[in-house]
Engineer: 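Dumping the structure here so I can ask a few things about it.
For ligands, and for the atoms within them, numbers begin at 1 and follow the listed sequence. Values in this document were obtained by computation on a predicted structure and should not be read as measured data.
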Amino acid sequence: MQAQPTASHFIDGAYVEDAAGRPFESVHAATGETIARLHAATSGIVEAAMASAVRAQREWAAVAPAARARVLRRAAEIVRERNRALSELETLDTGKPIQETLVADAASGADALEWFAALAATIAGESVPLGRDFAYTRREPLGVCVGIGAWNYPTQIACWKAAPALACGNAMVFKPSEVTPLGALKLAEILIEAGAPNGLFNVVQGFGDVGAALATHADTAKVSLTGSVATGAKVYSAAAAGMRHVTMELGGKSPILVFDDASIEAAIGGAMLGNFYSAGQICSNGTRVFVQTGLLDRFLSRLTERTRAIRIGDPLDPDTQMGPLVSLAHREKVLGFVEAGRREGARLVAGGGVPKVQGYEKGAFVEPTVFADVTDDMTIAREEIFGPVMSVLSFETEEEAVARANATPFGLAAGVFTADIARAHRVAEALQAGICWINAYNLTPVEAPFGGVKRSGIGRENGRAAMDFYSQSKTIHVCLGGVDSPY
Ligand code: NDP
């Protein structure tokens, strides 16, 4: 099994290698096989990427927005034409099942390229009448934007950052997580093929130190990070020193509230999607499932039945519903949380162990796991696990559920399941989250803004809102009379 790229980095329209950089490997998490060997960027690589992005950005900012849109639209078409190959690569790089990557990774990246192409053509300022004078505003690019990605949705993250950045006339230097280095390189190839100038989207590989070097580079105007809250705090403060713009898409511990009157199958389906899709490695997952006491027993018994029926196996098999976690190291962390759940008195009702997957004994698999009788103070109810571990808690009243749901430093997402339309909207309004789903969970169409409040982040990706985070307003005041000066 091989997925070796031509070289580690993609700079100024071409693959580039610098073997002096720290070597690392991409490992297929289902088998433990090495699928690619790469090198982290040296400072020479970082400088080359930044210099070429600075050059490309000047050229690109002068291109009419409608012409920029044509490049992004063409890139979206190519991504869709190659969806199968890109999805297989994503499955090898991340371990996620092909059933998911075919519909949720490159496909959602193509949606972003297409949507921001459409918005590029609508970029406009406003005209401000001032009596004798007038002013007008221009929406201008920021310059060179740095994108730093997490490992759970590597291709989607690269597209969600590159598409609005490029639409607004910026260039981007992107650093994938070293755990999943491959998808972003394909996006770089595709953008060149679609007509983007050399250097407009560069990919440099590396660890946190490369991310830090990019985030603090003198030519960096903005940093957009998808990662943990701890990394976000570091990158945000590093960016602040240079007064750089930021978008921070960080972690969460999101609540799902299930009321007695909810459709039980829909609520269980939502809770399972919000805990088991991508083996639970999704930032917006609803990992605290609050169920009203009248529904609790039925909810738990049907949830357990449906959870035990999840098909775990080879992620390249189209029938597989859950693949391995991204790495054995990450599995150790997740199993540590499962152990904490048991130790602190939660009741294990499904999973909790390492499944036997014949032929894949070296894979980083974990059983989909459900804990009942979870209380708010338990570690599994407070910390982000980033694995297939659902905590079910019970509640009596709406007021109590909302207060407990909000009692967390995170605020990325939330869900409410109820048949009462007034309650649905009341609760959605009261929940402290950047996105709240009613009778659904984890839907992220590109048309709707996505991002967190509280410690889960700053700024928004997707939607029209993203355009504001990749551009800045300039006011031009036009004086039509003489200068009225007291001097
Ligand atoms: P990390 O925070 O560990 O890393 C994120 C990225 O930042 C990686 O590319 C990492 O490089 C890089 N990095 C690490 N340290 C620094 C630094 N000091 N300066 C600049 N860059 C740095 O996250 P994970 O990759 O482990 O991803 C999981 C986390 O991401 C979870 O908390 C999850 O909730 C969050 N996430 C948030 C999403 C959202 O949209 N809100 C979506 C997906 C994930 P390296 O890998 O080498 O350490």
Engineer: Using a distance-only test with no angle check, is there a side-chain donor-acceptor pair under 3.5 angstrom linking Q432 and K454?
Structural biologist: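 Side-chain D/A pair, Q432 to K454: present.
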Engineer: For A238, state whether at least one heavy atom is located under 4.0 Å from any atom of ligand 1.
Structural biologist: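 It does not, in that no heavy atom of A238 comes within the 4.0 Å cut-off of ligand 1.
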Engineer: Atom 41 (N) of ligand 1: which protein heavy atom is closest, and how many Å away?
Structural biologist: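 Nearest protein contact, heavy atoms only, for atom 41 (N) of ligand 1 is L250 O, 2.7 Å.
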Engineer: If you measure every N/O of K175 against every N/O of ligand 1, is any gap under 3.5 Å?
Structural biologist: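 Yes; at least one N/O pair falls below 3.5 Å.
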Engineer: Measure the distance from atom 1 (P) of ligand 1 to every protein heavy atom, then report the residue, atom name and distance (to 0.1 Å) of the closest one.
Structural biologist: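 Result: T231 OG1, 3.6 Å.
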Engineer: Would you mind finding which of G149, G211, G227, A239 brings a heavy atom closest to atom 8 (C) of ligand 1?
Structural biologist: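 Considering heavy atoms of G149, G211, G227, A239, the nearest to atom 8 (C) of ligand 1 sits in G149.
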Engineer: Just to confirm my output: which protein heavy-atom neighbour is closest to atom 42 (C) of ligand 1, and how far is it?
Structural biologist: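 Protein heavy atom with the smallest distance to atom 42 (C) of ligand 1: C283 SG, 2.8 Å.
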Engineer: Number the atoms of ligand 1 from 1 as they appear, then name those within less than 4.0 Å of a heavy atom of G206, with their elements.
Structural biologist: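 Ligand 1 atoms under the 4.0 Å threshold to G206: 47 (O).
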Engineer: Have a look at I282, N152, T216 and point out the one with the heavy atom closest to atom 43 (C) of ligand 1.
Structural biologist: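 Comparing heavy atoms across I282, N152, T216, the nearest one to atom 43 (C) of ligand 1 lies in N152.
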Engineer: Side chain, backbone, both or neither: which part of L412 comes within less than 4.0 Å of ligand 1 when only heavy atoms are counted?
Structural biologist: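 The part of L412 near ligand 1 is the side chain, not the backbone.
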Engineer: List the atom of G411, the atom of S456, and the distance in Å for their closest heavy-atom pair.
Structural biologist: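 Taking every non-hydrogen atom into account, N-OG, 2.9 Å.
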Engineer: Quick one: look up the protein heavy atom nearest atom 31 (C) of ligand 1 and list residue, atom name and how far away it is.
Structural biologist: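 The closest heavy atom on the protein side is E384 OE1, 3.4 Å.
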Engineer: What protein heavy atom sits nearest atom 17 (C) of ligand 1, and how far away is it?
Structural biologist: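 Protein heavy atom with the smallest distance to atom 17 (C) of ligand 1: G208 O, 3.6 Å.
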Engineer: Short N/O distance, under 3.5 Å, between K234 and ligand 1?
Structural biologist: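 No; every N/O pair is 3.5 Å or more apart.
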Engineer: Looking only at N/O atoms, are S228 and ligand 1 under 3.5 Å apart anywhere?
Structural biologist: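 N/O-N/O distance below 3.5 Å exists for this pair.
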Engineer: For E367, what residues pass the salt bridge (Lys or Arg N to Asp or Glu O under 4.0 Å) criterion, not counting sequence neighbours?
Structural biologist: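 So E367 forms no salt bridge (Lys or Arg N to Asp or Glu O under 4.0 Å) with any residue.
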Engineer: Is it true that the side chains of K161 and T247 contain a donor and an acceptor less than 3.5 Å apart?
Structural biologist: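 There is no such pair (donor and acceptor under 3.5 Å, judged by atom type) between the side chains of K161 and T247.
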Engineer: I need the nearest protein heavy-atom contact for atom 27 (O) of ligand 1: residue, atom name and distance, please.
Structural biologist: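 Nearest neighbour among protein heavy atoms for atom 27 (O) of ligand 1, to 0.1 Å: A150 CB, 3.3 Å.
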Engineer: Quick check for you: to the nearest 0.5 Å, what is the distance between T180 atom OG1 and E90 atom CD?
Structural biologist: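 The OG1 atom of T180 sits 7.5 Å away from the CD atom of E90.
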Engineer: Please report whether ligand 1 has a polar contact with I157, defined as an N or O pair separated by less than 3.5 Å (distance criterion only).
Structural biologist: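 So ligand 1 has no N or O lying under 3.5 Å from an N or O of I157.
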Engineer: Ignoring hydrogens and angles, state whether a donor on the side chain of Y15 or E189 is under 3.5 Å from an acceptor on the partner side chain.
Structural biologist: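 Yes.
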Engineer: What are the atoms of ligand 1, with element, lying closer than 4.0 Å to any heavy atom of F450?
Structural biologist: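 What qualifies from ligand 1 is 40 (O).
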Engineer: Please list the nearest protein heavy atom to atom 12 (C) of ligand 1 with its residue and the distance rounded to 0.1 Å.
Structural biologist: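 Protein heavy atom at minimum distance: I148 CG2, 3.6 Å.
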Engineer: Can a side-chain donor-acceptor contact be found between D105 and T101 if the only test is distance below 3.5 angstrom?
Structural biologist: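 Side chains of T101 and D105: no pair found under 3.5 Å.
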Engineer: Under a plain distance cut-off of 3.5 Å, with no hydrogens placed, do S278 and Y153 share a side-chain donor-acceptor pair?
Structural biologist: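 Note: Y153 and S278 side chains meet the donor-acceptor criterion.
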Engineer: Using a 6.0 Å distance limit plus a 45 degree cone around the ring axis, check whether R22 lies over the aromatic ring of F207.
Structural biologist: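 R22 over F207 ring: yes.
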Engineer: Please test F276 against M390 for side-chain contact (heavy atoms from CB on, under 4.5 Å), starting from the C-alpha separation and ending with a verdict.
Structural biologist: CA-CA 8 Å; F276 301 145; M390 186 193 306; 4.0 Å; yes
Engineer: For L225, take its heavy atoms, then give the atoms of ligand 1 lying under 4.0 Å from any of them.
Structural biologist: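 Numbered from 1, ligand 1 contributes 6 (C), 7 (O).
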Engineer: Checking a contact table here: which protein heavy atom is nearest atom 25 (O) of ligand 1, and how many Å away?
Structural biologist: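 The answer is W151 CD1, 3.1 Å.
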Engineer: Is it the case that K222 places NZ or CZ above or below the six-membered ring of Y470, under 6.0 angstrom from the centre and within 45 degrees of the axis?
Structural biologist: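 Satisfied, under 6.0 Å and within 45°.
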Engineer: Could you check which of Q156, E178, H330, K253 puts a non-hydrogen atom nearest to atom 48 (O) of ligand 1?
Structural biologist: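 Residue with the shortest heavy-atom distance to the ligand atom: E178.
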Engineer: Go through R460 and D468 one step at a time and tell me if the salt bridge (Lys or Arg N to Asp or Glu O under 4.0 Å) criterion holds.
Structural biologist: CA-CA 9 Å; R460 291 292 175 267; D468 293 339; over 6 Å; no
